[in-house]
Asks: 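One structure follows; several queries about it will come next.
Since we're looking at a predicted model, the values are computed, not measured. Just follow the structure's listing: the first ligand is 1, and inside any ligand the first atom is 1.
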Amino acid sequence: MKTNKRAPAIFTFQFHNTSSVFSKIEQKLKMLPKLHLSTVNCSTKLLNCNGVINLILKDKLSQKSLSRFWEPVQQRAYSSKAIKMSAWQVHEYGGLDQLSLSTTARAATIKHPSELLIKVHAASINPIDVRMMGGYGKNLLNVMRKQKDTMNYGTEFPLTLGRDFSGTVVEVGCRVTKFKVGDEVWGAIGAFRPGTHAEYTVTSQSEISKKPSNLTHVEAASVPYVAATTWAALKTVGHLDHTKASGQRILILAGSGGIGTFAIQLAKAWGMNVTTTCSTDATDLVTSLGADTVVDYTTSKVWSELQRMKRFQYILDPLGGDMTDKAANFLSPWKNSKLVTLNFPLLKNSDEMGVVAGLVKSAVTAGLTTLKGIQSGGSIRWAAFNPNGQALDVVRRLVEDGKIKPVVYQVFPFLEAHSAYQKVIDGHLRGKVVLDFEPA
Ligand SMILES: NC(=O)C1=CN([C@@H]2O[C@H](COP(=O)(O)OP(=O)(O)OC[C@H]3O[C@@H](n4cnc5c(N)ncnc54)[C@H](OP(=O)(O)O)[C@@H]3O)[C@@H](O)[C@H]2O)C=CC1
């Protein structure tokens, strides 16, 4: 919705044009006295696939009340399928006892021309889902949800968790160019969106990619969130040029978890020399994924062992805390080395201090961390998950070439989400926990 602030206010709505829907909307708009419309101007000709309605309002109307009016209109315009769906949701923050299955959850519906409605066949569970269940990130995410209010991305509660999926496209917005109904896709979606632990999810075409043809949906669902996060760390923040990465040394801390098992394989696919840390029972796993050197952090003095090695050009630190400080000592001062930590403090700070103070504190900490990085002879940066369909395109090709394999630790039927979440809460994961929506 675009607004022209000069009076009279002009609100322009653009939507998917199916002519029958369009004429119904046009009639409904004309019948709505509350809007104080002086003019309703509808056109189907301005854009190829969109209808455009210009509303010229007689008096000032808050954007909020206009949005409330717009929601049902918009749903009809974009999405013809009014469906109830099953979804795992929380109605207030807390522990696992807050997670309940709703079989009449509000349907996921397309709200923007570049979005798609996807039937979810499988979705993974990530540590962030457990944290969000407890309220992690609520302050900042609520600001994001409000900013996107005109698009109706949903309210805080009921909160549907789940950030990635493998599924089938069942409906497309009119500006979707890369995908069509029936395509099998995988993706990881923004944290402000209603999640994927539901029968249907809506996402933008920029957040997804075609599913690798050689994977089942369960296998595919284990990859997108960790892949997008690792990409953000190594490529977006770490500026790793994979065409020149061959032979470079990378230290991947915590190689046995979701992030680690993916990151080891990505680094090996790019020809890097990988050192990783894990506990005893995971050494065979990380070796089988290609790790060149494995340090068992439960039996060795991990930091003194790393001290004896050649320094690293890249360090990926998923866990943070004092690990980041210790790892900084192993950067190579001669190689413009980079340490990227996933211990991103912004959401936590804004939960504890409010959004503005949290932003300020995070910026100050970022400055101090940068300084510490310079003192170490390299750089230290934070990275966070970011949906990225283009990265998934690259990863799909690596999967289809056999260079990356999904590491699925345990699969649970959709109806057993409680046990699946408990598995993630218990920790010591060796790859990913996946919910199968269509178990045999
Ligand atoms: N900022 C962001 O956007 C994101 C941040 N993350 C963060 O990355 C972290 C890892 O995520 P993910 O891999 O999915 O989590 P997982 O739970 O899948 O894996 C964590 C792994 O770390 C191992 N581990 C625990 N302690 C140590 C240690 N001291 N040294 C080496 N390994 C250890 C665990 O096994 P064991 O205990 O048996 O050794 C486990 O295998 C999470 O804390 C998460 O918050 C993840 C994604 C996005």
Asks: When Lys326 is tested against each of Thr324, Asp322, Asn329 for side-chain hydrogen bond (donor to acceptor under 3.5 Å, both in side chains), which residue passes?
Replies: Asp322
Asks: Ring pair (Phe, Tyr, Trp, His ring centres under 6.0 Å) for Trp88 and His418? Distances and angles first, verdict last.
Replies: CA-CA 9 Å; Trp88 284 99; His418 272 254; 5.5 Å; yes
Asks: Can we call the ring centroids of Tyr314 and His239 under 6.0 Å apart?
Replies: no
Asks: Of all the heavy-atom pairs spanning Arg145 and Ala191, show the shortest one and how long it is.
Replies: NH2-O, 4.1 Å
Asks: Just checking Phe157 against Tyr93, ring centres under 6.0 Å apart?
Replies: yes
Asks: Of the options Thr196, Asp129, Asp164, which is the one that meets Ser124 in a side-chain hydrogen bond (donor to acceptor under 3.5 Å, both in side chains)?
Replies: Asp164
Asks: Quick one: does ligand 1 sit under 4.0 Å from the side chain of Tyr297, the backbone, both or neither, non-hydrogen atoms only?
Replies: side chain
Asks: How far is atom 15 (O) of ligand 1 from its nearest protein heavy atom, and which residue and atom name does that atom have?
Replies: Pro127 CG, 3.5 Å
Asks: For ligand 1, is any non-hydrogen atom under 4.0 Å from Leu429's backbone (N, CA, C, O), its side chain (CB onward), both, or neither?
Replies: both
Asks: For atom 1 (N) of ligand 1, which candidate among Thr280, Ile259, Thr276, Leu342 holds the nearest heavy atom?
Replies: Leu342
Asks: Quick test of your reading of the structure: of Gly320, Ala254, Ala233, Ala383, whose heavy atom lies closest to atom 22 (O) of ligand 1?
Replies: Ala254
Asks: Under 4.0 Å, heavy-atom basis, I'd like to know which part of Leu253 is in contact with ligand 1: side chain, backbone, both or neither.
Replies: neither
Asks: Measure the distance from atom 34 (C) of ligand 1 to every protein heavy atom, then report the residue, atom name and distance (to 0.1 Å) of the closest one.
Replies: Ser256 OG, 4.0 Å
Asks: Pick one of side chain, backbone, both or neither for how Trp382 approaches ligand 1, counting any non-hydrogen atom pair under 4.0 Å.
Replies: neither
Asks: Ligand 1 versus Arg430, non-hydrogen atoms closer than 4.0 Å: side chain, backbone, both, neither?
Replies: side chain
Asks: Is Ala232 touching ligand 1 with its side chain, its backbone, both, or neither, if touching means heavy atoms under 4.0 Å apart?
Replies: neither
